[in-house]
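Working notes, structure below.
Here the structure is a predicted model, which is why all the values come from computation and not from measurement. A note on names: the letters A, B, ... follow the listed sequences, proteins ahead of strands, and every chain is numbered from 1.
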Amino acid sequence: MPELPEVETVRRGLRKLVQGSRITEVEIMYPKMIEGDSREFATTLRGKVLEDVDRRGKFLLLRFSDGWTVVSHLRMEGKYFVEKKGAPIRKHTHVIFNLDDGRQLRYNDVRKFGRMRLIKTGSETQLPSLKKLGPEPVAADFKVAAFYQGLQKKKKAIKPALLDQNLVTGLGNIYVDEVLWMSKIHPQTPCNHLTQADVQILHDNIIQELARAVEAGGTTIRSYTDAFQNEGGFQFELQAYQKTGQPCPRCQTPIERIVVGQRGTHFCPNCQQVK
DNA sequence: TCCTGTACCTGAAAGC
DNA sequence: TGCTTTCAGGTACAGG
């Protein structure tokens with residue numbers, strides 16, 4: 001399930017593999033994957049060069065010539081890979097970008113949750129889904145004072161607040177459980193109960209954890225692979241996520257699983273207590 | 001405005 | 001063994 005580190009790893013892979021390639025044809029097998037007119041999506045991209053691949057939060061921004069951008073979200077199980085034209089089409093391949101060198105950039109998505117949208121480059125900041133995104137989880141953008149103020153205005157639990165993408169972007173279910181464990185904060189703690197000291201620790205752990213996960217090439221739990229079809233390495237670093245019944249690495253108390261905001265949630269009942 | 005619940009999807013695992 | 005049910009979760013959207 002791609003979160004920021006996985007999307008960043010895909011972005012880097014796509015840059016290496018297909019930057020500079022020209023699209024000769026786009027085949028769309030599952031039109032619902034395309035937001036807006038899927039035929040227009042295909043005809044507009046014909047002849048365009050993929051000039052760069054950017055990222056905002058968990059959204060990939062594929063930059064094409066003549067001022068076009070494809071905004072792509074992998075959601076749960078979306079993945080891109082490159083194969084030669086004529087190679088067997090795998091099950092769950094929904095969009096194929098034919099390239100001028102005989103290769104194909106293929107988008108595969110078992111759950112069909114992923115979405116793509118074609119927009120004019122520069123207008124992505126006006127898309128509601130991108131407009132609402134909080135800062136990137138890096139020290140230059142993500143400021144602890146604004147984070148604390150944002151949390152003080154919320155009464156809901158910290159876990160769904162972090163999954164919202166409004167206060168900071170890039171966290172998903174795995175990394176939220178991890179950073180809350182690292183910060184000794186119970187996932188059901190109301191946001192406005194957190195002290196400045198709690199928020200400072202949480203802020204620093206979010207930056208540190210996501211940077212480490214990017215370095216490791218992301219986390220593979222179910223099916224994630226990057227554009228080279230490599231799995232991530234960060235699943236071996238997880239301390240709490242999916243560790244139900246296993247001893248907490250800090251205090252040896254068994255990790256528990258509860259449901260918070262309809263999401264499976266893993267925490268240490270000793271280290272992480274509700275305030 | 002904020003918050004909660006649900007739909008979208010399929011495959012794996014669990015239950016019978 | 002084979003069928004049915006439950007679960008996994010990121011985002012958009014509806015409704016309170």
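- Using a 4.5 Å heavy-atom threshold, the side chains of A/R263 and A/V176 count as separate.
- Looking at A/E83 and A/R103, no side-chain N of the basic residue comes within less than 4.0 Å of a carboxylate O on the acidic one, giving no salt bridge.
- To the nearest 0.5 Å, the span separating NZ on A/K155 from CG on A/N192 amounts to 7.5 Å.
- Atoms CE (A/M76) and P (B/dA12) sit 15 Å apart, rounded to a whole Å.
- The distance between atom CG of A/N108 and atom C1' of B/dT10, rounded to the nearest whole Å, is 12 Å.
- Of the residues in residues 146-155 of chain A, those with a non-hydrogen atom less than 4.0 angstrom from any atom of DNA chain B are A/K154, A/K155.
- Atom NZ in A/K112 sits about 22 Å away from atom P in C/dG9, given to the nearest Å.
- Between the NZ atom of A/K91 and the P atom of B/dT10 there is a distance of 9 Å, rounded to whole Å.
- Rounded to an integer number of Å, the gap from NZ of A/K156 to P of B/dT1 is 15 Å.
- Spacing between atom CD of A/Q262 and atom C1' of C/dG9 amounts to 11 Å, rounded to whole angstrom units.
- Residues A/R106 and A/R90 form no side-chain contact, since every pair of their non-hydrogen atoms from C-beta on lies 4.5 Å or further apart.
- Ring geometry for A/F59 against A/H73 counts as perpendicular: the plane angle is over 60°, on a 0 to 90° scale with 30° as the lower cut.
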Between the protein and nucleotides 11-15 of chain C, are there any N/O to N/O pairs under 3.5 Å, and if so, what are the atom names and distances?
residue: C/dT11; atom: OP1; partner: A/H73; partner atom: NE2; Å: 2.5
residue: C/dT11; atom: OP2; partner: A/K58; partner atom: NZ; Å: 3.4
residue: C/dT11; atom: O4; partner: A/R263; partner atom: NH2; Å: 3.2

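- Evaluated for a side-chain hydrogen bond (donor to acceptor under 3.5 Å, both in side chains) with A/T265, the options A/H186, A/K159, A/Q188 yield exactly one hit, A/K159.
- Salt bridge present: A/E209 and A/R212 bring a charged side-chain N and a carboxylate O closer than 4.0 Å.
- A heavy-atom distance below 4.0 Å to DNA chain B is reached by these residues of residues 113-121 of chain A, ordered by number: A/F113.
- Taking only side-chain nitrogens and oxygens, A/Y30 never comes nearer than 4.0 Å to OP1 or OP2 of B/dT10.
- Residue A/G261 is classed as having no contact, given no heavy-atom separation below 4.0 Å to the nucleic acid.
- Taking atom CZ on A/R90 and atom C1' on B/dT10, their separation rounds to 17 Å, with Å as the unit.
- Side-chain contact of A/H266 with A/D177: a donor-acceptor pair under 3.5 Å is present, judged by distance alone.
- Atoms CG (A/D109) and C1' (C/dG9) sit 12 Å apart, rounded to a whole Å.
- A/S183 places none of its side-chain heavy atoms less than 4.5 Å from the side chain of A/D198.
- Summarising the geometry, atom NZ belonging to A/K154 is positioned 5.0 Å from atom CG belonging to A/L167; distances are rounded to the nearest 0.5 Å.
- Side-chain polar atoms of A/Y80 and A/S72 form a donor-acceptor pair below 3.5 angstrom.
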